Amino acid sequence: MASNEEVRSAAEIVAAKWSDVLSCEPDLINPEVPRTAYAHPSLRQLHPMLSHGALYLSRCTQWPWTHDVGTAYRLAEGGYRVCLDSGRTVLGEVDTVEEAYELVAANLPDGCGPAIDGTPDDL
């Protein structure tokens with residue numbers, strides 16, 4: 001079990017990363033995406049990352065990231081496809097970003113808690 005000092009450290013890392021992600025320029029990601037994810041307390045405690053215009057969430061703060069939290073991918077025709085494991089498992093397709101992050105939050109792994117300062121091996 002992690003000490004209170006380690007938990008605070010991971011929480012501080014996550015909070016700092018969210019601050020960075022929430023202040024990103026719109027050419028990197030639609031600002032509505034991180035704001036919507038951040039509005040969910042269960043998602044706000046996870047480590048956020050951006051890549052290719054998508055927001056990824058991990059249960060750990062160090063690489064390699066976990067692949068068991070859903071990701072919402074914007075569809076060209078509108079709406080979002082929510083997937084696990086880099087698109088290998090489709091959780092569903094929805095019309096709005098709000099619905100996408102409701103689906104991500106509803107499909108968190110059992111026992112998912114705040115991100116830890118470590119790798120998936122430490123979970």
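Quick note: numbers below take in every heavy atom, side chains included, and nothing from hydrogens, waters or symmetry partners. Every value quoted in this text rests on a predicted model; they were computed, and no experiment measured them. Position 1 is the first residue of the sequence; numbering continues from there.
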Per-pair distances, 0.1 Å, donor-acceptor, side chain in residues 95-113, under 3.5 Å, sequence neighbours excluded:
{"from": "Thr96", "atom 1": "OG1", "to": "Glu99", "atom 2": "N", "distance (Å)": "3.0"}
{"from": "Thr96", "atom 1": "OG1", "to": "Glu99", "atom 2": "OE1", "distance (Å)": "3.2"}
{"from": "Glu99", "atom 1": "OE1", "to": "Asp95", "atom 2": "N", "distance (Å)": "3.0"}
{"from": "Glu99", "atom 1": "OE1", "to": "Thr96", "atom 2": "N", "distance (Å)": "2.9"}
{"from": "Asn107", "atom 1": "ND2", "to": "Leu103", "atom 2": "O", "distance (Å)": "2.8"}

>> Side chains of Ser58 and Thr66, heavy atoms from C-beta outward: is any pair under 4.5 Å?
In response: yes
>> Is there a path of hydrophobic side-chain contacts, each under 4.5 Å between heavy atoms of I/L/V/M/F/W/Y residues, joining Leu123 to Tyr56?
In response: no
>> Checking Gln45 now: which residues fulfil side-chain hydrogen bond (donor to acceptor under 3.5 Å, both in side chains) with it, not counting sequence neighbours?
In response: none
>> Would Cys24 and Leu50 count as a side chain to side chain contact (heavy atoms under 4.5 Å, CB included) here? Give the steps.
In response: CA-CA 9 Å; Cys24 278; Leu50 301 178; 3.3 Å; yes
> Which residues satisfy the side-chain hydrogen bond (donor to acceptor under 3.5 Å, both in side chains) test with Glu32, sequence neighbours excluded?
Replying inline: none
> Can you list the residues that meet the side-chain contact (heavy atoms from CB on, under 4.5 Å) rule with Leu22, with sequence neighbours excluded?
Replying inline: Trp18, Pro34, Arg35, Tyr38
> Mind checking what makes side-chain hydrogen bond (donor to acceptor under 3.5 Å, both in side chains) contact with Thr61, not counting sequence neighbours?
Replying inline: Asp117
>> I'd like to know if the side chain of Thr119 reaches the main chain of Pro64, judged simply by a donor and an acceptor atom lying under 3.5 Å from each other, with no hydrogens or angles considered.
In response: no
>> If you compare all heavy atoms of Ala115 against all heavy atoms of Val14, which two are closest, and at what distance to 0.1 Å?
In response: CB-CG2, 3.8 Å
> For Leu75 and Glu93, what are the C-alpha separation, side-chain angles and deciding distance, and is it a side chain to side chain contact (heavy atoms under 4.5 Å, CB included)?
Replying inline: CA-CA 9 Å; Leu75 298 171; Glu93 291 188 7; 3.8 Å; yes
> Are the side chain of Arg74 and the backbone N or O of Gly79 linked by a donor-acceptor pair below 3.5 Å?
Replying inline: yes
>> Would Cys60 and Ile116 count as a side chain to side chain contact (heavy atoms under 4.5 Å, CB included) here? Give the steps.
In response: CA-CA 5 Å; Cys60 60; Ile116 60 143; 4.1 Å; yes
>> Could you measure the distance from the CG atom of Leu55 to the CG atom of Asn30? Nearest 0.5 Å is fine.
In response: 11.0 Å
>> Distance check, rounded to the nearest 0.5 Å: Asp121 atom CG versus Gln62 atom CD?
In response: 11.0 Å
> Parallel, tilted or perpendicular for Trp65 and His47, by the 30°/60° rule?
Replying inline: parallel
>> Can you pull out every salt bridge (Lys or Arg N to Asp or Glu O under 4.0 Å) where at least one residue sits in residues 49-67? Sequence neighbours excluded, please.
In response: Arg59-Asp68
